[in-house]
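First the structure, in the form of structure tokens, and then the observations on it.
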Amino acid sequence: MSRRVAAERADVSMMADLLSVDVVVTMPPNPVWFAGRDALLQQLGRVFDPASPGYFGRWRHLPVRANRQPAVAGYVQRPGTSVYRAQLVDVLRVEAGRIVEITTFESHLVAAFGLPLRLPVEHAADGHR
């Protein structure tokens, strides 16, 4: 849940506390990957910062499980839109209380978890907006 809250608040320092120094992120089938907390946080900083040209939008996450591991379905509200659209499913591997691996899958898998492909803007997980 803490990762979900950190992402919804766009709080990169809170996220840093959850990640292993050597965290690895992959995005099959795309050839995108990040190795190390600093590389991932640099990318997330651009995605979360509304002043950045890489800003992606506001995020909401719903918890799920995949292959007996914790996971989150991520939804994004792009600037100028009025709905959160499914964007990804992050499957997390946690060791010693830190995220050591994130495998990110494309949004079409959200429906396989029985979740909607859209969330209304007024939906706020854990009361966060």
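Just so you know, these numbers come straight off a predicted model, no measurement behind them. All values below were derived from every heavy atom in this structure, side-chain atoms included, with hydrogens, water molecules and symmetry-related copies excluded.
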Check: Which value, rounded to the nearest 0.5 Å, describes the distance between Leu19 atom CG and Met14 atom CE?
Finding: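 Reported to 0.5 Å precision, the distance equals 12.0 Å.
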
Notebook entry, point to check: Rounded to the nearest 0.5 Å, how far does CG of Leu44 lie from CZ of Phe56?
Noted result: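 Output value for this atom pair is 12.5 Å.
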
Notebook entry, point to check: Checking Tyr75 side chain against Pro116 main chain: does a donor-acceptor pair fall under 3.5 Å?
Noted result: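 Yes, because the side chain of Tyr75 sits within donor-acceptor range (under 3.5 Å) of the backbone of Pro116.
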
Item checked: Side chain Thr26, main chain Pro28, donor-acceptor under 3.5 Å ->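 No, Thr26 side chain to Pro28 backbone: no donor-acceptor pair under 3.5 Å.
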
Common cluster, [X]/[Y], ILVMFWY with side-chain heavy-atom separation under 4.5 Å:
X	Y	value
Val76	Tyr55	no
Val23	Val32	yes
Val100	Leu40	no
Trp33	Val47	no
Phe105	Val24	no

Next item on the list: Output all residues satisfying salt bridge (charged side-chain N to carboxylate O under 4.0 Å, His left out) with Arg93, sequence neighbours left out; order by chain, then residue number.
Entry: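 Only Glu95, Glu101 meet the salt bridge (charged side-chain N to carboxylate O under 4.0 Å, His left out) criterion with Arg93.
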
Next item on the list: For Thr104, enumerate each residue passing the side chain to side chain donor-acceptor pair (under 3.5 Å) test, keeping only those at least two apart in sequence or located in another chain.
Entry: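 By the side chain to side chain donor-acceptor pair (under 3.5 Å) rule, Thr104 matches Asp90.
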
Checklist line | Note, Ile99 side chain near Val94 side chain (heavy atom, < 4.5 Å) | finding: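 Counting from C-beta outward, Ile99 and Val94 do come under 4.5 Å.
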
Check: Is there a side-chain contact between Phe34 and Gln42 (heavy atoms, below 4.5 Å)?
Finding: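 The answer is no; the side chains never approach within 4.5 Å.
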
Checklist line | More than 12 heavy atoms from other groups under 6.0 Å of CG on Asn67 | finding: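 It does not: Asn67 CG has 12 such atoms or fewer within range.
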
Checklist line | Exceeds 12 heavy-atom contacts within 6.0 angstrom, atom CZ of Arg78 | finding: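 Atom CZ in Arg78 is packed in, count exceeds 12.
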
Closest contact, heavy atoms only, [X] versus [Y]:
X	Y	answer
Ala73	Leu115	CB-CD1, 3.6 Å
Thr81	Gln77	O-NE2, 2.8 Å
Pro79	Gly57	CD-CA, 4.1 Å
Ser107	Leu117	O-CD2, 4.2 Å
Val121	Ser82	CG2-O, 2.8 Å
Arg46	Gln43	NH2-OE1, 2.8 Å

Checklist line | Derivation of the side-chain contact (heavy atoms from CB on, under 4.5 Å) call for Leu62 and Arg60 | finding: CA-CA 7 Å; Leu62 297 178; Arg60 293 289 175 259; over 6 Å; no

Note to self: Applying salt bridge (charged side-chain N to carboxylate O under 4.0 Å, His left out) as the test, list every pair that has at least one member in residues 106-116; sequence neighbours left out.
What the structure shows: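 Salt bridge (charged side-chain N to carboxylate O under 4.0 Å, His left out) check on residues 106-116 returns no pairs.
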
Item checked: Identified side chain to side chain contact (heavy atoms under 4.5 Å, CB included) partner of Val110 from the options Val89, Val64, Leu88 ->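 It is Val89, the one option of Val89, Val64, Leu88 that forms the side chain to side chain contact (heavy atoms under 4.5 Å, CB included) with Val110.
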
Next item on the list: I would like to know whether His61 and Tyr84 meet side-chain contact (heavy atoms from CB on, under 4.5 Å); could you show each step before the answer?
Entry: CA-CA 10 Å; His61 293 84; Tyr84 286 90; over 6 Å; no

